[in-house]
K.L.:
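Just dropping this structure here.
None of these values were measured; they are calculated from a predicted model. First the proteins, then the strands, lettered A, B, ... as listed; each starts at 1.
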Amino acid sequence: MNTLLIFVVLILVAIAVWQLTKIFELSQFNIKKDDSQIANDKDNDYNGKLMFAFLAFIYLFTIFSFWEWGEVLLPRSASEHGVEIDTLMWVSMALILFVQTITQAVLHYFSYRYRGKKTQIAFFLTDNDRLEFIWTIIPAIVLAVLIFAGLFQWTSITNIENNDEALVVEVYAQQFNWKARYAGADGVLGDANVRFLQDFDGLNLVGIDSSDPNGLDDIVVQELHLPKGREVIFKFRSQDVLHSAFMPHFRAQMNCVPGMITEFAFTPNLTTEEMRQTPEMTAKVNKINKIRYDKSQKLIANGEQPLDAYQFDYLLLCNKVCGASHYNMQMKIIVEEEKDFNKWISEQKTFAQTIQ
Amino acid sequence: MVENHTHHKETFITKYIFSQDHKMISKQYLITGLLMGIVGIGMSLVFRMQLAWPEKPFGFFESFLGKWAPDGVMDPNVYLALITIHGTIMVFFVLTAGLSGTFSNLLIPLQIGARDMASGFLNMLSYWLFFLSSVVMIASLFVESGPAAAGWTVYPPLSALPQAQPGSGLGMTLWLVSMAIFVASSLLASLNYIVTVINLRTKGMSMTRLPLTIWAFFVTAIIGVISFPVLLSAALLLIMDRSFGTSFFLSDIFIQGEVLHYQGGSPVLYEHLFWFLGHPEVYIVLLPALGITSEVLATNSRKPIFGYRAMVASILAIAFLSTIVWGHHMFISGMNPFLGSVFTFTTLLIAIPSAVKAFNYITTLWKGNLQMNPAMLFSIGLVSTFITGGLTGLILGDSALDINVHDTYFVVAHFHLVMGISALYGLFAGVYHWFPKMFGRMMNKNLGYIHFWITAVCAYGIFFPMHFTGMAGLPRRYYSNTAFPYFDDLADINIVITIFALTAGAAQIVFLYNFINSIFYGKKAVQNPWKSNTLEWTAPVKHIHGNWIGEIPTVHRWAYDYSKPGHKDDFIPQNIPLFKGEEELQH
């Protein structure tokens, strides 16, 4: 019924617009016939003023958006490099907003100020090398700074050195779920290939080569646990199509490519519990739960199951379109203190135990 | 001299269908492009409704999607198909063929003073190949397994394996065939444009006297010739992988309980090939729009375009840089991070010529006598969205910052503003400005004003909030956000966006009505309605083969002598000789 109503309203709006245009057209006939598309002074005047009004609209809409939705921007970072990325991000955003505010103001003010009049004569101006020089060189300098800062960070993020301290984790993607593999006691991931997936009646979930001794103590799980304060080196694999492992809270993302192992590394610096306790996250979760509560009331009224209350967890999402259930390909990430992590991992089955 | 060409007797077929006249071909491009635009924009409204009200059944979905929307709830595969075909149609069929095809064809011969394109036959062929590829693309919507659904970039292995999704079956084959034909069409057209501009300029029309529109079309054609063949090769290799068992892009794949034989290929290779076209394509779409804007802004400001040489230089700089920045689409594809650094550097460089263009446009308005015709409004609107959309490129082009917003709605907001909306505004500005030249009649300005103001407000209303959902971490190409309660608080923003989108869609009806109505009932146009300097306005209103009766006009000055001090009129067409004592500006 709602659908039909919306559809009818849309059609009515279309008809209304159509009719309005007819009225405009008819009123045109009575005024003047010789300039059906050429703007006269009256058109110039009100469109020039509308240009100025449009500037106000851009400003107000920007302010409204920040006021109403500003809190969803860049959730607090939970990794060490993420904090630095955020600083550069906010500096860039501030610069962008500044330039946007000024240039839009100038553009729309000129459109308003110099709106045409019969008596007005335009100023014949063809070139000004000094001006051109200024607005070539200023962006060049600003960009040089941004490029330098960005490249510095990019190099430090992507420069991954294997070391004994770091935890090595394989993130394994398939349509439409994730798995994680830990290297076990020896700290080395065993060789793997999709050819081994059918070994052991499908128990070999990520295709570990059982003839490689390094692989026997590997641990394959469906939930990603990470210790706080320790560097994690991720190795990404995919068994079928492209996927992308996107962990927004850690400012981390890397594609998973069939036939290839890709890498990313970061150091988590906030446990799940600590993140849940931050004031921003508490406020966000409360807001979400209120929305879910209201929705549940409607569902209950219709005799359906209410929604579960929401509790925050870090997300691993798929961010490269991979098929029908792409939108629901996720894995929970739990960041915990080192001792909790060690306890958890000691309780998991190794590959050798799984295939026995 | 009398007319030096022979008039063939024209039948309906040679005049309206297999025409070799550039003006008719341009109209064919425009109308085909608009029809494709209706399909492309219509699709976006449908999937916007799905995003705003993901759990709500819409009865009318079922009526045209049938089994793909049981009880009015859209299937995820259909959602992916819609975004894929929306992207493909808008980028290639509307903003490449519809924009560049229309105005390059119309304006190149008329503005450089040529009787027609260098090869009328190739020109006709390029249109009909375009038409054929449109038919194939539309036909792919009706196949049993659905159209291509791997995103407009159609990355393998998703697009290569029919097991991976229904859309990678026959629909994908048709997509590839359609694109291959499209590339052929585009290459024929581009070669024709280049040859025409180089060889057929009239006497006095030196390269430094060319209007900026022609510079833009000329450089666009060169970029097209350089980059489109690479897309063709990517498409052909993908066809080989799909149908003949080769492994260019595939390796180590296990799907549907089966290990496939592919060994040694790499999807990253496909990404390189695709984006080697894909990024220049952005400029193939944008440069003609900027060229149109240059012309429309100068004419309607009654002022010379500011910094002609700088404008030409920035077009050339953008064209050069556009071919060496493709890797910024692949920062997190798994390619060597050092390459990421190189592409960050080249990508941010492109901001410099872009900034020069924006500042020159603004200075062109300064102290002008602005005639607020609908075309002028759309040109000013273009500068506005070009700035808003372009600025966020500073974030996306920076590899370190891109990590967190890559493939989120932030990207959707960025490219829709900077190339989608800007190029559409360029298309609209062009249609309003050259409608009298194309159809010999004028469009209704008040409808034009309604069209512009609703569209301008809605364009911001649609895309500005997407920066927020993107920075909140919401990925693009998600059928629904309901699988993640974490995103529940973004539902409001999605509804706001969709309401703006539906309103914007309704405003385009005003344009279509104005367009069709004016072709038949618009007021008859005079020869030079905008008091413009370029040569197309020296040709008679009624279209004739060969464009000018008698001799082709000779050119004596650049195209921007507006409001030149010491002259009575505020414009001096290019074919007027220098007055006594008048000096030509050195360009």
Side-chain angles (χ1 to χ4, degrees), chain A residues 3 13-14 21 24 36-37 39 43-44 47 69 72-74 89 92 96 100 103 106-107 110-111 114-116 120 122-124 126-127 132 135 139-140 143 147 150-151 153-154 158 194-195 197 239-242 248 251 253-255 257-259 262 287-288 291 310 319 321 323-324 327-328, chain B residues 58-59 76-77 151 155 157-158 164-165 251-255 302-304 307 310 332-334 337 341 348 352 355 359 362 365 367-373 380 387 391 395 398-401 403-404 407 442-443 445-447 468 471-473 475 477-479 483 485 488-489 523 563-565:
Chain A
T3 327
V13 167
T21 60
F24 265 104
S36 69
Q37 199 187 353
D43 299 321
N44 289 338
N47 280 298
W69 303 316
V72 305
L73 291 175
L74 280 194
M89 185 81 172
S92 306
I96 286 171
Q100 158 83 351
T103 48
V106 176
L107 172 71
F110 284 177
S111 310
Y114 300 108
R115 61 195 190 277
Q120 189 166 303
F123 175 55
F124 187 78
T126 58
D127 280 293
E132 300 279 6
W135 55 57
L143 284 169
I147 290 174
L151 288 186
Q153 285 194 3
W154 172 250
T158 54
V194 290
R195 289 193 306 278
L197 281 167
Q239 74 172 34
D240 38 36
V241 301
L242 287 177
R251 311 293 185 256
Q253 181 166 199
M254 184 50 70
N255 285 5
V257 186
T262 52
K287 189 178 165 195
I288 290 173
I291 295 170
Y310 171 66
N319 201 10
V321 61
Y327 73 102
N328 190 15
Chain B
F58 291 100
N77 286 304
Y155 283 173
L158 184 61
Q165 60 170 171
S251 186
D252 293 328
I253 290 168
F254 177 90
I255 195 162
R302 315 308 297 159
K303 254 189 90 188
I332 54 154
S333 66
S341 311
L348 293 187
I352 298 172
F359 287 129
I362 293 177
L365 298 179
K367 290 199 174 181
N369 183 19
L370 311 186
Q371 304 303 307
M372 295 293 190
N373 301 310
I380 297 173
I387 292 171
L391 281 169
I395 286 176
D398 192 327
S399 49
L401 299 181
I403 295 171
N404 194 47
D407 267 344
M442 308 291 275
M443 286 174 82
K445 71 181 168 197
N446 287 322
L447 293 182
F468 288 75
M471 280 177 77
R477 291 173 176 158
Y478 267 24
Y479 158 72
D488 273 0
D489 55 348
K523 200 186 136 40
S563 302
K564 198 168 189 184

K.L.:
What's the separation between atom OH in Tyr155(B) and atom CG in Leu242(A), rounded to the nearest 0.5 Å?
P.N.:
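So the OH of Tyr155(B) and the CG of Leu242(A) are separated by 8.0 Å.
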
K.L.:
Tell me, do Thr103(A) and Phe359(B) make a side-chain contact under 4.5 Å, heavy atoms counted?
P.N.:
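Yes, close enough: below the 4.5 Å cut-off.
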
K.L.:
Identify the two heavy atoms, one from Gly150(A) and one from Ala400(B), that lie closest to each other, and give their separation to 0.1 Å.
P.N.:
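In terms of heavy atoms, the two residues are closest at O-CB, 3.7 Å.
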
K.L.:
Could you tell me which of Asn369(B), Ile395(B), Ile380(B) has the largest number of non-hydrogen atom pairs under 4.5 Å with chain A?
P.N.:
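Among the listed options, the one with the most contacts to chain A is Asn369(B).
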
K.L.:
Heavy-atom pairs under 4.5 Å with chain A - which of Leu158(B), Asn77(B), Asp398(B) has more of them than the others?
P.N.:
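Maximum pair count with chain A is reached by Leu158(B).
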
K.L.:
Looking only at heavy atoms and a cut-off of under 4.5 Å, which of Pro76(B), Ala483(B), Gly151(B) has the most pairs with chain A?
P.N.:
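Most heavy-atom pairs under 4.5 Å with chain A: Ala483(B).
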
K.L.:
Select, from Asn328(A), Val257(A), Leu73(A), Val106(A), the one with the greatest count of heavy-atom pairs under 4.5 Å involving chain B.
P.N.:
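Most heavy-atom pairs within the cutoff with chain B belong to Leu73(A).
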
K.L.:
Under a 4.5 Å heavy-atom cutoff, which of Gly334(B), Pro485(B), Pro475(B), Pro565(B) has the most pairs with chain A?
P.N.:
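Of the options given, most contacts go to Pro485(B).
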
K.L.:
I need the Lys287(A) NZ to Asp489(B) CG distance, nearest 0.5 Å.
P.N.:
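Reported to 0.5 Å precision, the distance equals 5.0 Å.
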
K.L.:
Walk me through it: do Leu107(A) and Leu365(B) pass the test side-chain contact (heavy atoms from CB on, under 4.5 Å)?
P.N.:
CA-CA 8 Å; Leu107(A) 172 71; Leu365(B) 298 179; 3.6 Å; yes

K.L.:
Roughly how far apart are Ser341(B) OG and Ile147(A) CD1, rounded to 0.5 Å?
P.N.:
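Here the rounded value is 11.0 Å.
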
K.L.:
Between chain B and each of Ser92(A), Ser111(A), Ala140(A), count heavy-atom pairs under 4.5 Å; write down the option with the most.
P.N.:
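Heavy-atom pair counts peak at Ser111(A).
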
K.L.:
For Ile403(B), is there any backbone N or O sitting under 3.5 Å from a side-chain donor or acceptor partner on Gln253(A)?
P.N.:
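Yes; judged by distance alone, with no hydrogens or angles, the pair exists.
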
K.L.:
Tell me, out of Met89(A), Gln153(A), Arg115(A), who's got the most heavy-atom pairs with chain B below 4.5 Å.
P.N.:
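Among the listed options, the one with the most contacts to chain B is Met89(A).
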
K.L.:
Measuring heavy-atom distances to chain B, does Val321(A) have an atom under 4.5 Å in its side chain, in its backbone, in both, or in neither?
P.N.:
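Contact with chain B is through both the backbone and side chain of Val321(A).
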
K.L.:
Between Gln120(A) (side chain) and Gly368(B) (backbone), is there a donor-acceptor pair under 3.5 Å?
P.N.:
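Yes, the answer is positive, given that a donor and an acceptor are paired below the 3.5 Å cut-off.
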
K.L.:
Would you mind telling me which of Arg302(B), Lys564(B), Arg477(B) has the largest number of heavy-atom pairs within less than 4.5 Å of chain A?
P.N.:
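Of the candidates given, the most pairs with chain A belong to Lys564(B).
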
K.L.:
Atom CG in Asp240(A), atom CD1 in Ile255(B): separation rounded to 0.5 Å?
P.N.:
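It is 5.0 Å, given to the nearest 0.5 Å.
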
K.L.:
Give me the atom names and distance for the closest heavy-atom approach of Asn255(A) to Ser333(B).
P.N.:
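Smallest interatomic distance, heavy atoms only, reads ND2-CA, 3.4 Å.
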
K.L.:
Measuring only between side-chain heavy atoms, which start at C-beta, is Leu74(A) closer than 4.5 Å to Asn404(B)?
P.N.:
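Answer yes - side chains close enough.
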
K.L.:
So Val72(A) and Met471(B), do their side chains get closer than 4.5 Å, heavy atoms only?
P.N.:
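Side chain of Met471(B) against side chain of Val72(A), heavy atoms only: no contact under 4.5 Å found.
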
K.L.:
Return yes if some donor-acceptor pair links the side-chain N/O of Trp154(A) with the main-chain N/O of Pro337(B) below 3.5 Å, else return no.
P.N.:
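At least one qualifying donor-acceptor pair exists.
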
K.L.:
Does Asp252(B) reach the side chain of Pro258(A), with side-chain heavy atoms less than 4.5 Å apart?
P.N.:
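Contact flag for Asp252(B)/Pro258(A) side chains = no.
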
K.L.:
Can you tell which part of Glu132(A) gets under 4.5 Å to a heavy atom of chain B, answering side chain, backbone, both or neither?
P.N.:
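For Glu132(A), the side chain is the part near chain B, not the backbone.
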
K.L.:
Quick check on Ile291(A) against chain B: is it the side chain, the backbone, both or neither that has a heavy atom closer than 4.5 Å?
P.N.:
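Side chain only.
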
K.L.:
Looking at Asn373(B), Ile352(B), Ile332(B), Ile362(B), which has the largest count of heavy-atom pairs under 4.5 Å with chain A?
P.N.:
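Most pairs with chain A among the choices: Ile332(B).
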
